[in-house]
K.L.:
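First the structure, then my questions, so here it is.
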Protein chains: 2
Amino acid sequence: MTKIKNMEEFAALSGISRPTVSKYFHDPDSVRPTTRARIEEALERFDYRPNIYAVNQNRKLTKNIGIVVPYLADPFFAEIARYLEQSCIAAGYRPSLFSSHGEQKLENEILDGLQSLKPAGVLLAPLGRTSDRSTIEKFCANVPTILFDSNLDGLGAAFVGSDNFSFVSQTVEYMTRTGEPPSFFEMRTPANPNANKRRKAYVDVMERLGFEPHIIKVDGTGWAFEEIGHRGALKVLQERGLKTDSVLCSNDRLAIGFLAACFEQGIRVGRKEDCSLRVASNDDHPFAKFTCPSLTTAAHDYDNVAGRSVETLFELIESGGKFSTRTETLFPARLVLRDSA
Amino acid sequence: MTKIKNMEEFAALSGISRPTVSKYFHDPDSVRPTTRARIEEALERFDYRPNIYAVNQNRKLTKNIGIVVPYLADPFFAEIARYLEQSCIAAGYRPSLFSSHGEQKLENEILDGLQSLKPAGVLLAPLGRTSDRSTIEKFCANVPTILFDSNLDGLGAAFVGSDNFSFVSQTVEYMTRTGEPPSFFEMRTPANPNANKRRKAYVDVMERLGFEPHIIKVDGTGWAFEEIGHRGALKVLQERGLKTDSVLCSNDRLAIGFLAACFEQGIRVGRKEDCSLRVASNDDHPFAKFTCPSLTTAAHDYDNVAGRSVETLFELIESGGKFSTRTETLFPARLVLRDSA
DNA sequence: ATAAAAACTTTACGCGCGTTAAAAAGTTAA
DNA sequence: TTAACTTTTTAACGCGCGTAAAGTTTTTAT
């Protein structure tokens, strides 16, 4: 099989002129069925594909879409990223996936590098509190961007995420209805803005129900939430710092650590007779089903968050990269009852 | 601040000729310190960066590196990918991360798309048994490729991975030394070639030690290993199919499911007095520390596998994309003793 | 069959930058 | 100061493809 160097050569071999071939690659339906057939026939014989760099150089609007998540080693983001990627591909775009790995510097570098990719649009889940606001602001001014998961006030053309109040109110109400109102277990200085909204929601809901909120704050920074939850739980359990027999963790990864600590300390968790503690959480992490006991949690509406994010981005791209107003779309949680509470 | 359109314009503003500026961007040390200073001064005032598409179009060798993993939602691969990405960046390359999401079709599409990126090299962890050998073969013929994690005989310029025999022999010997020899718990038709090597190693080691191997095969396909392990374990436990009081799981994700099943069935796992079963595994998955009980496992030498992979790729790139012989580098496991065995 | 419309071919320029050759300018060493 | 280098400038071409204008062929409609 001959090696084809460029479109010129391929056009000659297929017996069609180069501009028409170019038109075909831009949109196969834009040429006459007979010529399309001839091109595709040649395509099978010769295995040619346009040079992506030459193509994108001349298009002011590429088919690239950037997907940026704060921490890809977190299966939660890996799952969302998977959905986003596949939606982009289905819509004919080329997604590029990036992880900030929890570091501001890397997030900035990614956004920097993304600009030279001239993406048609970007789906960005920022680090949150540790994001460099000014860098993101500049980036959003140059590239059509949808924020998801973590909201940064006013940045990006729109935000799509989960309704943290819905998460916490459902778990708190369930635990209260079926037993004692829970304490709230969280990191002292969470990077993710959702964590702050969850704490506020917890306080709100507790007060509305006429209970006094108890918040347990554990030390630790970074993204090793299981480790942080584990250490923090051991400390609390040993100091007998729990004022209630039920605990609501800010997120599932902390809860995984919490449950591991309980197990080590011989504390039985669940709603059965012989259990002394109930633990619930938020997110419905992919592994929440396999904790011991399995984790009762408020589940993200993964499909809708991801689906609406890409829909919104496509609308944004078609609107020329600007919306008249910035919208914020929040999806409610779905309570998943398992064995831990 | 003025918007700069191209290098011509930037060169004019900085007072340096375009070819020299071009030279600078290729290698800042290749120009005289004084001119370098003038360029960098202008760079601070004007925020210009070369158009990546125009640059790569003319370079036969880009600075792109493709990283392909079979399933990114598996924290094991997410961790390796993180290391690989960061190593590439440190070496001045632009990594692009892709996940096959467990699907042959997607793996093929990724490799296809990767070719038009004209990468300097690719780090590929193939799906394994479900990979399309001929597609990968063609790809490797066109692009300098290092295989890692899963070996496919003869494909790629080199392979870097873990020594499965070392994994299994350490766990089996440890369990045998401290109690009963283990049964082996695995999927009936594992996609990953490592799984097959581990089974063989198990049989070998058991026979060498004078024990009869017991293999428990559970049904299920896909990458939801926890689910498969969980279901399979429930079945085995209910049918009392365990012939030993110790089990070695083929990998940690199966073990996570296995432990969850034991917990549900009230079976105490560990090496303490009141425990009736010991469970060990292979991989040292990031979550293995937080299972209940924490998981005794043979740990991958993450750093070395990832580090050697990129090193080898860089050597390959510098050698012009071809090695005279294909090498296979295997790193031994490190036994991590925790509570489950 | 014929006019009108649609699709294609030819020709040519432009995108932003790599790269080269020859000329000019700057630097180093004696 | 001068010869020998080294670096920069000038000028020009090429990469592979998008795209536009003008002319030609094919299709569609009457």
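Each chain gets a letter, A, B and so on, in the order its sequence line appears, and its residues count up from 1. Because only heavy atoms are used, hydrogens play no part in the values below, and waters and symmetry mates are left out as well, while side chains stay in.
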K.L.:
Which nucleotide wins on minimum distance to the side chain of B:Pro19, given the candidates D:dT10, C:dG18, D:dT7?
P.N.:
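The nucleotide sitting nearest to the side chain is D:dT10.
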K.L.:
Measure from NE2 on B:His26 to P on C:dT19 and round the result to the nearest Å.
P.N.:
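Distance, rounded to whole Å: 6 Å.
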K.L.:
Which of the following nucleotides, C:dG18, C:dC8, C:dT27, is nearest to the side chain of B:Arg32?
P.N.:
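The answer is C:dT27, which lies nearest to the side chain.
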K.L.:
Between B:Pro33 and A:Phe25, which residue's closest nucleotide on DNA chain D lies nearer the 5′ terminus?
P.N.:
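Residue closer to the 5' terminus by nearest nucleotide: B:Pro33.
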K.L.:
Between the base of D:dG16 and the side chain of A:Arg18, is there any donor-acceptor pair under 3.5 Å?
P.N.:
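In this structure, the two groups form no donor-acceptor pair.
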K.L.:
Any carboxylate oxygen within less than 4.0 angstrom of a Lys/Arg side-chain nitrogen, looking at B:Asp47 and B:Arg49?
P.N.:
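B:Arg49 and B:Asp47: salt-bridged.
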K.L.:
Looking at B:Arg82 and B:Glu85, does any basic side-chain N land under 4.0 Å from a carboxylate oxygen?
P.N.:
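Salt bridge: no.
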K.L.:
With a 3.5 Å cut-off and just heavy-atom distances, do the side chain of B:Asn51 and the base of C:dC17 make a donor-acceptor pair?
P.N.:
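Counting by modelled atom types and ignoring angles, no donor-acceptor contact under 3.5 Å is found here.
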K.L.:
Decide side-chain hydrogen bond (donor to acceptor under 3.5 Å, both in side chains) for B:His101 and A:Gln86; before the verdict, give the C-alpha distance in whole Å, the side-chain angles of both, and the deciding distance to 0.1 Å.
P.N.:
CA-CA 10 Å; B:His101 299 311; A:Gln86 291 180 330; 4.8 Å; no
K.L.:
When all nucleic acid strands are considered with a 4.0 Å heavy-atom cut-off, which category describes B:Phe10: base, sugar-phosphate, or nothing?
P.N.:
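Counting heavy atoms under 4.0 Å across all strands, no contact is made by B:Phe10.
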K.L.:
Taking the side chain of B:Ser17 as its heavy atoms from C-beta onward, which of C:dC8, D:dT9, D:dG16 lies nearest to it?
P.N.:
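Selected nucleotide (nearest to the side chain): D:dT9.
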K.L.:
Rounded to the Å, how far apart are B:Gln57 CD and C:dC15 C1'?
P.N.:
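It works out to 8 Å between those atoms.
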K.L.:
For the residue pair B:Phe10 and B:Tyr48, categorise the inter-ring angle as parallel (less than 30°), tilted (30 to 60°) or perpendicular (more than 60°).
P.N.:
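B:Phe10 and B:Tyr48: parallel rings.
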K.L.:
Specify the separation, in whole Å, of atom CD1 of B:Ile4 and atom P of C:dC15.
P.N.:
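Answer to the nearest Å: 17 Å.
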K.L.:
Whole angstroms only, please: what is the CG-P distance between B:Asn56 and D:dC17?
P.N.:
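It is 15 Å, rounded to the nearest whole Å.
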K.L.:
Closest nucleotide of DNA chain D for A:Thr34 versus for A:Ser22: which of these residues is on the 5' side?
P.N.:
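Its nearest nucleotide being more 5', the pick is A:Ser22.
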K.L.:
Which part of the nucleic acid, if any, lies within contact of A:Tyr48, taking any heavy atom under 4.0 Å across all strands shown: a base, the sugar-phosphate backbone alone, or nothing?
P.N.:
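The answer is sugar-phosphate, as A:Tyr48 gets under 4.0 Å only of primed atoms, P, OP1 or OP2.
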K.L.:
For the side chain of B:Met7, starting at C-beta, report the closest nucleotide among D:dC17, D:dT9, C:dG18.
P.N.:
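Nearest to the side chain of B:Met7 among the choices is C:dG18.
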K.L.:
Please give, in whole Å, the distance from C:dC13 P to A:Glu8 CD?
P.N.:
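Taking atom P of C:dC13 as the reference, CD of A:Glu8 is at 15 Å.
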K.L.:
Return the value, rounded to whole Å, for the distance between atom OH of A:Tyr24 and atom C1' of D:dC17.
P.N.:
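Distance check: A:Tyr24 OH to D:dC17 C1' gives 17 Å.
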K.L.:
How about A:Tyr302 and A:Phe76: are their ring centroids closer than 6.0 Å?
P.N.:
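Aromatic pair counts; centres sit under 6.0 Å.
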